Protein chains: 2
Amino acid sequence: MAADQALRLDNQICFAVYSTAHAFNRVYKPLLDRLGLTYPQYLVMLALWERDDVPVKDLGERLFLDSGTLTPLLKRLEAADLIKRTRSTADERQVLIALTAQGHALRDKAKSVPQSILAASDCSVRELMAMKNEIVALRDRLNAVLGE
Amino acid sequence: MAADQALRLDNQICFAVYSTAHAFNRVYKPLLDRLGLTYPQYLVMLALWERDDVPVKDLGERLFLDSGTLTPLLKRLEAADLIKRTRSTADERQVLIALTAQGHALRDKAKSVPQSILAASDCSVRELMAMKNEIVALRDRLNAVLGE
DNA sequence: TCACATTTAATTGTTCGCAATTGAATCCCG
DNA sequence: CGGGATTCAATTGCGAACAATTAAATGTGA
């Protein structure tokens, strides 16, 4: 592809991904407002609903985020009584993140969210999963380059 | 899909898109550091290289961003002497964004960026364009819901 | 024409996201 | 055992991203 064409905004897959991430964020906003969560906070809760009582580092690896992002976010979730932060006794460098009863309970309220997003995306589950797999494969290749 | 499965992080296309956007950002970082640009600033420059002398609003529509994001970003580009902000005489509500000579010149330095990204994505142009088209179609459907 | 609505950027305040650094705990190796 | 390297979370500083509001300019209809 000629450099001129390559620099066109419309040809940039990165812009497609970037602008779609923001579009998702905007669609999620009214749904998550009802749960009292921001979108990144929702992702943290999704991760914790799968497995909690984990150090910040574990959460960071699952979400591709570092402590600079997670520490203040987790403090806000703690202030909202959704999680508890406890310094590990076994290894005092670690801070373990556990769900509170309210944090567990919020999962029920969140159950309807994916269905609403599916409707907004106006697409079959099969198609979305196929796209998701392609995008994840791309992400993993990009991350592989970073790891070198 | 059962609600339990739907809430799994791995099944969320939104998380796939979100985490891929961050992966792109990290791959772009070292390349854009050489141009003295952040990733959103690079997107603004891409848009301006296609068409400049445009009001902030026009830029916002092309990038799906509002003045709250663009105004400070454009001030930084102006401080770097890449663009000039001029209040329109025809309609004094508008501020027109034009490239400076340096802003135009930066395009040459940016020409090698897409090639580097292509290499990092370890994927053919054809495959990337196909993915891009799918993602853009999804974005447009999401934005359509927001417009209602 | 004139009051009122709309458009446009800018501003304010909150929350991410990350690089770089810090300080404490733990690991590892001689 | 001891000292330097490593790991982990927190902190600082900067740049997005967006909601809500503001102020000025323009448009519109009676």
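Labels below follow one simple rule: chain letters A, B, ... track the order of the sequence lines, proteins then strands, and each chain is numbered from 1. Nothing here was measured: the structure is a model prediction, and the numbers come from that model.
Rounded to an integer number of Å, the gap from B/Met45 CE to D/dA16 P is 13 Å. Remark: C1' of D/dC8 and CD1 of A/Ile97 are 12 Å apart, rounded to the nearest angstrom. A straight line from CG of A/Leu73 to C1' of C/dT14 spans 13 Å, rounded to a whole angstrom. Between the CZ atom of A/Arg93 and the C1' atom of D/dC8 there is a distance of 6 Å, given to the nearest Å. Atom P of nucleotide C/dA10 and atom CG of B/Leu96 are separated by 11 Å, given to the nearest angstrom. Between A/Leu74 atom CG and C/dT15 atom P there is a gap of 14 Å when expressed in whole angstrom units. In this structure, A/Leu63 atom CG and C/dT15 atom C1' are separated by 16 Å, rounded to whole Å. Atom-to-atom, NZ of B/Lys29 to P of C/dA19 comes out at 6 Å; the value is rounded to the nearest Å.
Ring-plane geometry between B/His22 and B/Tyr18 is classed as perpendicular, the angle between the planes exceeding 60 degrees on a 0 to 90 degree scale with a lower cut at 30. A/Tyr28 and A/Tyr42 have tilted rings, their planes meeting at an angle from 30° to 60° on a 0 to 90° scale.
Residue A/Ala90 is classed as a sugar-phosphate contact, given heavy-atom separations below 4.0 Å to backbone atoms only. B/Pro55 comes within 4.0 angstrom of the backbone, heavy atoms only, and of no base. At a threshold of 4.0 angstrom between heavy atoms, the contacts of A/Leu65 are confined to the sugar-phosphate backbone, with no base atom among them.
Contact between the side-chain N/O atoms of B/Arg87 and the OP1/OP2 oxygens of C/dA9 is not found at any separation under 4.0 Å. An OP1 or OP2 oxygen of C/dC16 is reached within less than 4.0 angstrom by a side-chain nitrogen or oxygen of A/Thr38. Under 4.0 angstrom from either OP1 or OP2 of C/dC16 there lies at least one side-chain N or O belonging to A/Arg76. Using a 4.0 Å cut-off, no side-chain N or O of A/Ser67 falls inside it from OP1 or OP2 of D/dA9. The phosphate of D/dA16 (OP1 or OP2) has a side-chain N or O of B/Gln41 nearer than 4.0 angstrom. Regarding contacts with the backbone of C/dG17, every side-chain N or O of A/Thr69 stays at 4.0 angstrom or more from both OP1 and OP2. Remark: A/Tyr39 is not in phosphate contact with C/dT15, judged by side-chain N or O atoms under 4.0 Å from OP1 or OP2. A sub-4.0 Å separation between OP1 or OP2 of C/dC16 and a side-chain N or O of A/Lys75 is absent. Taking 4.0 angstrom as the limit, A/Arg85 places none of its side-chain polar atoms (N or O) nearer than this to OP1 or OP2 of D/dA9.
Nearest nucleotide to the side chain of B/Asp91, out of C/dA24, D/dA25, D/dA17: D/dA25. Candidate nucleotides C/dG17, C/dA10, D/dA10 were compared by shortest atom distance to the side chain of A/Val95, and D/dA10 ranks first. Taking every side-chain heavy atom of A/Tyr18 into account, D/dA17 is the closest of D/dA17, C/dC16, C/dC18. Considering only the side chain of B/Thr71, C/dA9 comes nearest among C/dC18, D/dT6, C/dA9.
Taken together through direct or relayed side-chain contacts under 4.5 Å among Ile, Leu, Val, Met, Phe, Trp and Tyr, B/Leu142 and A/Val125 form part of one hydrophobic cluster.
In this structure a side-chain-to-backbone donor-acceptor pair under 3.5 Å is present from B/Arg141 to A/Asp122. Judged purely by atom type and a 3.5 angstrom limit, A/Ser88 has no side-chain atom pairing as donor or acceptor with the backbone of A/Gln94.
Nearest-nucleotide positions on DNA chain C place B/Gln94 closer to the 5' end than the other of B/Gln94 and B/Asn25. With DNA chain D read from its 5' end, the first of the two nearest nucleotides for A/Arg26 and B/Glu92 is the one closest to A/Arg26. Nearest-nucleotide positions on DNA chain C place B/Val56 closer to the 5' end than the other of B/Ala23 and B/Val56.
Results of the side-chain contact (heavy atoms from CB on, under 4.5 Å) test with A/Thr20 over B/Ile13, B/Asn143, B/Thr20, B/Ile135 single out B/Ile135 as the only residue that passes.
Counting non-hydrogen atoms of other residues, nucleotides and ligands closer than 6.0 Å to NZ of B/Lys132 gives a total above 12.
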